[in-house]
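These numbers come from a predicted model, not from an experiment. So that the names make sense, note that chain A is the first sequence line, chain B the second, and so on, each numbered from 1.
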2 protein chains.
Amino acid sequence: MVTRTDAPTRREQILREAARLFAERGFHGVGVDEIGAAVGISGPGLYRHFPGKDAMLAELLVGISGQLLTGAKRRLAESDGDGGGAPEVLDSLIEGHIDFALDDRPLITLHDRELDRLRDSDRKLVRQLQRQYVELWVEVVREVYPALTEPSARSAVHSVFGLLNSTPHLGRAGTLPGRTTTATLLHRMARGAFAAAGVAEEG
Amino acid sequence: MVTRTDAPTRREQILREAARLFAERGFHGVGVDEIGAAVGISGPGLYRHFPGKDAMLAELLVGISGQLLTGAKRRLAESDGDGGGAPEVLDSLIEGHIDFALDDRPLITLHDRELDRLRDSDRKLVRQLQRQYVELWVEVVREVYPALTEPSARSAVHSVFGLLNSTPHLGRAGTLPGRTTTATLLHRMARGAFAAAGVAEEG
DNA sequence: CCTTCAGGTTAACGACCGCTAACCTCGCTG
DNA sequence: CAGCGAGGTTAGCGGTCGTTAACCTGAAGG
């Protein structure tokens, strides 16, 4: 991960603010004038950077899904090189998802909330990326907990996503008991949830 | 619970369809004409039953929050009468929440998604009910897992809500491996998540 | 120095949306 | 049976929203 030092482009500013506003008030609840105002230009000036409001949401959602999937693939590949067993890979996946959820709360919110506002083609793309991401988790989870059937594993993965993506509900930013504390707690809970899911099937 | 046999009133029909549509496409994404069409009347006919579109959302959200809180209080009281210890109460709370999440998926979706579209007074009321519900869980959780600090317990409760409320993401209705199977899996995972949160603090 | 063009501006259009007004039509009920 | 209220209807108003059109400006380049 090369950390950026140069200033964000206007385009990136717009995406960032749009994500925040969409997450706060919903896609239909935010006007283009507001997005413009948030970056210091006004209304239709946005159309120099994006063909329309939909395009901003599309780029955001495709970006998130792609980032999540790419990161997960990278972690999987890294642990293949190491002596990393399946449990370590699962830990790595959990850690990556938590980092994302804690660092980009607006995006995580949008990710499972505004998908249906996309044009058909974009929605299909995002869903495909999401599906790959889920399948990747499912494989690792089943390796760690062989007692799990495939449908149960998939349900378990979705549920853990729900758990990890709950961070936006945890106090409005300052109230958290410290980032690493929260991350550790979430990590333990995710592991615990998977473990409980994978004990016997039929409980 | 007295099971109703009489037909739902027009008003209840409207609320039911409005909930479904709001959950599918967002509050601002649904027009009053669509809600009307969904119950066989058209557009402004809704105003014979509700003073406005906002009022429908408000009634839905207040209703959910109230139902959840009432149910939880009832379960708490019942277990006080029995020889029910804290772990049994927690199980009962989890079970109740799962029932609700599985039976009223649209409402569970709205519950944490469209709260900000409410008038100030309604929003305050809903938040107050939600807060009471959370606090009730927190107390029980801390009784079962005394190692948990209060902020951690609160975070854990919110996270488990995220886990339990993930049901809308689990396949579009028919794909679930049976209701009781799903309920059991979710229950085990919730217990596992709490247990993992409550082991030591500092992990 | 003139041109070009990226990146803004304001004005305005057309569509849509929530809501109201005005009217209609039953089924009760005194 | 007169009347009246509950629960519909359609027409239309006022406001908002996404988008386009037309215009402006300042910096880069031959």
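- Rounding to the nearest 0.5 Å gives a distance of 12.0 Å between CD of Glu12(A) and NE2 of His49(A).
- Within the 4.0 angstrom heavy-atom criterion, no nucleotide atom of any strand lies near Val39(B).
- Between the NE2 atom of His28(A) and the P atom of dC16(C) there is a distance of 13 Å, rounded to whole Å.
- A distance-only check finds no donor-acceptor pair linking the side chain of Glu139(A) to the backbone of Leu136(A) [under 3.5 Å].
- With rounding to the nearest 0.5 Å, the separation of CZ in Phe22(A) from NE2 in His28(A) is 10.0 Å.
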Base contacts versus sugar-phosphate-only contacts with protein, heavy atoms under 4.0 Å: please encode nucleotides 6-12 of chain C as B, S and - from 5' to 3'.
-BBBBB-

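- Atom-to-atom, OH of Tyr47(B) to P of dC17(C) comes out at 12 Å; the value is rounded to the nearest Å.
- Across the helix from dC1(C)-dG30(D) to dG30(C)-dC1(D), the helix axis at one end is tilted relative to the axis at the other end by 10° (nearest 10 degrees, each axis from five pairs).
- Distance check: His169(A) NE2 to Thr109(A) OG1 gives 7.0 Å after rounding to the nearest 0.5 Å.
- Side-chain contact check for Ser121(B) and Arg119(B): at least one donor-acceptor pair (N or O, by modelled atom type) lies under 3.5 Å.
- Side-chain N or O atoms of Ser152(B) include none that pairs as donor or acceptor with a backbone N or O of Leu148(B) at under 3.5 Å.
- Ring geometry for His97(A) against Tyr133(A) counts as parallel: the plane angle stays under 30°, on a 0 to 90° scale with 60° as the upper cut.
- The closest side-chain heavy-atom distance from Leu118(B) to Leu115(B) is below 4.5 Å.
- In terms of the ring-ring contact (aromatic ring centres under 6.0 Å, His included) criterion, Phe50(A) has no residue partners (sequence neighbours excluded).
- Checked against Asp91(A) for a salt bridge (charged side-chain N to carboxylate O under 4.0 Å, His left out), the options Arg188(A), Arg191(A), Arg75(A) give a single hit: Arg191(A).
- dG18(C) atom P lies 13 Å from atom CG of Leu57(B), rounded to whole Å.
- Distance alone, capped at 3.5 Å, is enough to place a donor-acceptor pair between the Glu114(B) side chain and the Phe27(B) backbone.
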So which protein N/O to nucleotides 26-28 of chain C N/O distances come out below 3.5 Å?
none

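- Contacts of Gln128(A) classified as side-chain contact (heavy atoms from CB on, under 4.5 Å), with partners at least two apart in sequence or in another chain: Arg131(A), Gln132(A).
- Taking every nucleotide of DNA chain D with any atom under 4.0 Å from a non-hydrogen atom of chain B, the first and last of them, 5' to 3', are dG7(D) to dA11(D).
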Starting from the C-alpha separation in whole Å, work towards a yes-or-no answer on salt bridge (Lys or Arg N to Asp or Glu O under 4.0 Å) for Arg117(B) and Asp122(B).
CA-CA 10 Å; Arg117(B) 273 47 134 193; Asp122(B) 292 323; over 6 Å; no

